[in-house]
Amino acid sequence: MPLYAYRCGADGPVDVMRPMGTAPAVVPCPTCGADAAKMITAPRLALADRRKVAAIDRAEASRTEPAVVSAPPPRPVGPSRPLDPRTAALPRP
């Protein structure tokens, strides 16, 4: 459920949780009862998973500033998956 931000003239900021799209333009302040107007704020993306936010940022950046590379990434050294102990003694190419 989203958290909506309101501002009371006397008491300051008021946060209210409401279902998506049902927040009214004005709510009563829980402290003084005066009208608190809805504020427009930035989304709280800092609470999201950092790996997902980083992936979104990379995807957005690649749209206008694609990464330029001079060569493909190096191949990993060694076996790509652990060897089965039953086949460890077999000859390798």
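Note that the structure is predicted; figures quoted are calculated from it, not measured. Position 1 is the first residue of the sequence; numbering continues from there.
Partners of Arg51 under the side chain to side chain donor-acceptor pair (under 3.5 Å) rule, at least two apart in sequence or in another chain, do not exist in this structure. For Ala34, the side-chain contact (heavy atoms from CB on, under 4.5 Å) criterion is met by Cys8, Cys32, not counting sequence neighbours. Considering only residues two or more places apart in sequence or on other chains, Glu60 meets the side-chain contact (heavy atoms from CB on, under 4.5 Å) condition with Ile56, Arg63.
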For residues 64-77, run the donor-acceptor check on the side chains, cut-off 3.5 Å, and write out each pair with its distance to 0.1 Å, sequence neighbours left out.
none

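When hydrophobic side chains of Ile, Leu, Val, Met, Phe, Trp and Tyr are connected at separations under 4.5 Å, Val14 ends up clustered with Tyr4, Tyr6, Val16, Met20, Val27.
Residue pairs meeting the salt bridge (Lys or Arg N to Asp or Glu O under 4.0 Å) criterion with at least one member in residues 16-38, sequence neighbours excluded, do not occur.
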